[in-house]
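Below: the structure, in structure tokens.
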Amino acid sequence: MTVSRRTVLATATGVAVAGASATPAVAAAPGLRTLRAAADYAVEKLRAVAPTVTAFPVGTKFEKWTYSQNGDWVGGFWPGTLWMAWLHSKDDDFRTRALASAAKLAPRQYDTGTHDLGFLFYPSWVTAWRLTGDETWRAGAVQAADSLTRRYNPRGRFIRAWGALGDPKNAGRVIIDTMMNLDLLAFASRETGDSRYLEIATEHARTVQRVFPRPDGSTPHVYDFDPDTGAPVGPNTVQGYSPTSCWSRGQAWGVYGFTTMYRRTGSREFLTTARRLADFAIGALGADHVPVWDYRAPQQPYDIKDASAGAILACGLLDLAAAGGRGSYRDVALRLLTALAETCLTRNSARAEAVVARCTRNRPGEDGIEISLPYADYYLLEGILRVLRPQDVDRAIDLSTS
């Protein structure tokens, strides 16, 4: 009897895959129970911790959240996580807290000093609009998209990552993370009928597609351009091991971001790029399916882990399987989620305030080594609910394809 790779992967996780559609997965009881138990654990942890949270979690120190008052670049993930908890539990306390937290981001819709407006406003304000229909959230998200367009450099056809608009430092710096901010622009085009937003997103994605992926499908964290001429300068890194390495969270941002751009534009070139990046990441995973912080760090596969990269990659692979029709990506995503649920939750600590442990924020900067991070909690829940409650996730973040 011939046994397919999909069958082997499904047996390894206890999950049998029902193709790549957006319908609920048909799952064997052990695998399904593992994911549902992880989502239940997350909800109970959030129920206990949420009443004590008064600002935006940015990371943990000694297992307790540290906070930003304005949200830094991660402010959208706390309300986003509360929305995911509400979808799973139907507990309206999470809904109330998600709205209250999102409202605190209101001043940031006018912030032209960051590319991270998608991270800030999509899981918070766009989701609030989609789940409540309140025009306030829609208008604020569109305003944030308008602020993001100010960072577009038409000479190089890219969105500047860092620095104030008038600051020459980093004026030509592009980072792979920005792929995740483009869906805010697609949202604004759909809502306003103004194609300019999506055109900017598409041009940026084409630029990234042209210079970031290497022949093997790996990517650097950074690529620099001459901001005055738009001419490419070359790859670099801030959070990866080197300009020639492959920072695992950045690779995950790329998989998810290019898949999203395929869904929003229907352009097959973005689907092809998403698959190239996905294939490299899958090939670089170790036996435990928890990514190391950089796939080309000298001590990999035994180096420091970043569970957040695994959660993001799982979401991107589930999306890629659904959008592109290859069930093998879903198989790997299920293995990733199962591994995170079994080995990376904070279940063994009574004092932990986060859901996911074993995350690394910035290894070269010695900043946040194997801590908890708010985006790990968010994407773990998003990934699990993509399996358990895909229609609910669609309601929240829009899984439609152009």
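These numbers were taken from a predicted model, which means no experiment stands behind them.
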- Looking at NE2 of His289 and CG of Leu337, how far apart are the two atoms once the value is rounded to the nearest 0.5 Å? 10.5 Å
- Within a strict 4.5 Å, meaning less than it, do heavy atoms of the His221 and Asp177 side chains meet? yes
- Can the ring centroids of Tyr375 and Trp73 be said to lie less than 6.0 angstrom from one another? yes
- Message: Using modelled atom types and a 3.5 Å cut-off, is there a donor and acceptor pairing between side-chain atoms of Arg361 and backbone atoms of Val58?
- Response: yes
- Quick one: pull up OH in Tyr262 and OG1 in Thr272 and give me the separation to the nearest 0.5 Å. 9.0 Å
- Query: Between the main-chain N or O of Arg395 and the side-chain N or O of Arg130, is there a donor-acceptor pair closer than 3.5 Å?
  - Reply: yes
- Considering all heavy atoms of both residues, which atom of Leu336 and which atom of Pro291 are nearest to each other, and what is their separation? CD2-CD, 4.5 Å
- Task: With side-chain hydrogen bond (donor to acceptor under 3.5 Å, both in side chains) as the test, would you mind laying out the steps for Glu370 and Thr360 before giving the verdict?
- Result: CA-CA 5 Å; Glu370 294 222 14; Thr360 297; 5.2 Å; no
- Say whether Asp294 and Ser245, considering side chains only, have a donor N or O and an acceptor N or O under 3.5 Å apart. yes
- Are Asp224 and Val174 side-chain neighbours, meaning at least one heavy-atom pair lies under 4.5 Å? no
- Flag, side chain of Arg276 to backbone of Arg214, donor-acceptor distance under 3.5 Å: yes
- Item | Check: Leu313 and Arg249 side chains under 4.5 Å, non-hydrogen atoms | no
- Please check if the side chain of Thr52 supplies one atom and the backbone of Val49 the other of a donor-acceptor pair under 3.5 Å. yes
- Quick one: does Gln251's side chain have a donor or acceptor within less than 3.5 Å of a partner on Thr219's backbone? yes
- Query: When rounded to the nearest 0.5 angstrom, what distance separates CD in Gln300 from OG in Ser248?
  - Reply: 10.5 Å
- Task: Check whether any side-chain N or O of Asn153 sits under 3.5 Å from a backbone N or O of Ile159 as a donor-acceptor pair, and report yes or no.
- Result: no
- Query: Honestly, is Arg108 close enough over Phe121, meaning NZ or CZ under 6.0 Å from the six-membered ring centre and within 45° of the axis?
  - Reply: no
- Message: With heavy-atom distances below 4.5 Å as the criterion, would you say the side chains of Trp253 and Met179 are in contact?
- Response: no
- Item | Main-chain N/O of Ala164 paired to Arg160 side chain as donor or acceptor, under 3.5 Å | yes
- Item | Side chain proximity check, Leu185 to Leu198, heavy atoms < 4.5 angstrom | no
- Message: Applying the side chain to side chain contact (heavy atoms under 4.5 Å, CB included) criterion to Phe212, which one of Ser218, Pro220, Pro235 satisfies it?
- Response: Pro220
- Query: Taking the six-membered ring for Trp, are the ring centroids of Phe158 and Phe225 within less than 6.0 Å of each other?
  - Reply: yes
- Do Tyr110 and Asp146 have side-chain atoms, one donor and one acceptor, less than 3.5 Å apart? no
- Message: Between the side chains of Arg358 and Asp306, is the shortest nitrogen-to-carboxylate-oxygen separation below 4.0 Å, so that they form an ion pair?
- Response: no
- Query: Looking only at atom types and distance, does a side-chain atom of Ser372 sit under 3.5 Å from a main-chain N or O of Thr60, one as donor and one as acceptor?
  - Reply: no
- Query: Could you go step by step and tell me if Arg97 and Asp93 meet the salt bridge (Lys or Arg N to Asp or Glu O under 4.0 Å) rule?
  - Reply: CA-CA 6 Å; Arg97 293 184 184 280; Asp93 183 60; 2.9 Å; yes
- Task: I would like to know whether Thr346 and Tyr41 meet side-chain hydrogen bond (donor to acceptor under 3.5 Å, both in side chains); could you show each step before the answer?
- Result: CA-CA 9 Å; Thr346 57; Tyr41 172 74; 2.7 Å; yes
- Task: Please report the closest heavy-atom contact between Pro57 and Val74, naming both atoms and the distance.
- Result: O-CG2, 3.5 Å
- Query: With respect to Trp137, which candidate in Trp125, Phe187, Tyr122, Trp83 satisfies the ring pair (Phe, Tyr, Trp, His ring centres under 6.0 Å) definition?
  - Reply: Trp125
- What distance do Thr202 atom OG1 and Gln209 atom CD have between them, rounded to the nearest 0.5 Å? 11.0 Å
- Query: Are the side chains of Lys305 and Asp288 in touch, meaning some heavy atoms are under 4.5 Å apart?
  - Reply: yes
- Donor-acceptor under 3.5 Å (Arg155 side chain, Asp228 main chain): yes
- Query: Which pair of heavy atoms, one from Thr127 and one from Ala396, lies closest together, and at what distance?
  - Reply: OG1-O, 3.2 Å
- Item | Where Phe280 and Cys246 come nearest, the two heavy atoms and their spacing | CE2-SG, 3.6 Å
- Message: For Tyr241 versus Arg296, what's the shortest heavy-atom pair and its separation?
- Response: CD2-O, 4.4 Å
- Would you sort out whether Arg264 and Asp398 count as a salt bridge (Lys or Arg N to Asp or Glu O under 4.0 Å), showing the intermediate values? CA-CA 10 Å; Arg264 300 305 182 219; Asp398 185 7; 3.5 Å; yes
- Message: Working note: Glu269 + Arg206, criterion salt bridge (Lys or Arg N to Asp or Glu O under 4.0 Å); need CA distance, chi angles, decisive distance, verdict.
- Response: CA-CA 9 Å; Glu269 61 181 323; Arg206 286 175 177 158; 3.3 Å; yes
- Query: Given the rule in the side chain to side chain contact (heavy atoms under 4.5 Å, CB included) test, do Asn181 and Leu117 qualify, once you have shown the distances and angles that lead to the verdict?
  - Reply: CA-CA 6 Å; Asn181 292 311; Leu117 291 163; 5.8 Å; no
- Query: When rounded to the nearest 0.5 angstrom, what is the spacing between CG in Asp183 and CE in Met180?
  - Reply: 8.5 Å
- Item | Arg138 side chain to Glu191 backbone, donor-acceptor under 3.5 Å | yes
- Task: Dump the intermediate steps for side chain to side chain contact (heavy atoms under 4.5 Å, CB included) on Arg363 and Ile369, then the final yes or no.
- Result: CA-CA 6 Å; Arg363 178 69 177 87; Ile369 310 302; 3.7 Å; yes
- Query: Should Leu381 and Val355 be marked as a side chain to side chain contact (heavy atoms under 4.5 Å, CB included) after you check the CA-CA gap, both sets of side-chain angles, and the distance that decides it?
  - Reply: CA-CA 10 Å; Leu381 266 178; Val355 176; over 6 Å; no
- Task: Look at the aromatic rings of Phe119 and Phe77 and report parallel, tilted or perpendicular, splitting at 30° and 60°.
- Result: tilted
- Item | Atom pair CG/OG of Leu271 and Ser267 - distance to nearest 0.5 Å | 9.0 Å
- Task: Please step through side-chain hydrogen bond (donor to acceptor under 3.5 Å, both in side chains) for the pair Tyr329 and Asp319, ending with a clear verdict.
- Result: CA-CA 9 Å; Tyr329 292 130; Asp319 206 18; over 6 Å; no
- Are the side chains of His88 and Arg389 in touch, meaning some heavy atoms are under 4.5 Å apart? yes
- Item | Derivation and outcome, salt bridge (Lys or Arg N to Asp or Glu O under 4.0 Å), residues Asp194 and Arg196 | CA-CA 5 Å; Asp194 185 344; Arg196 176 178 61 101; 3.7 Å; yes
- Query: Any luck finding a side-chain donor-acceptor pair between Asp91 and Trp86 under 3.5 Å?
  - Reply: no
- Look at atom CD of Gln299 and say whether more than 12 heavy atoms of other residues, nucleotides or ligands are closer to it than 6.0 Å. no
- Task: Taking all non-hydrogen atoms of both residues into account, name the closest pair between Tyr256 and Arg386 and its distance.
- Result: OH-NH2, 3.1 Å
- Item | Arg95 side chain near Leu82 side chain, heavy-atom distance below 4.5 Å | no
- Item | Atom NZ of Lys90 with >12 non-hydrogen neighbours under 6.0 angstrom | yes
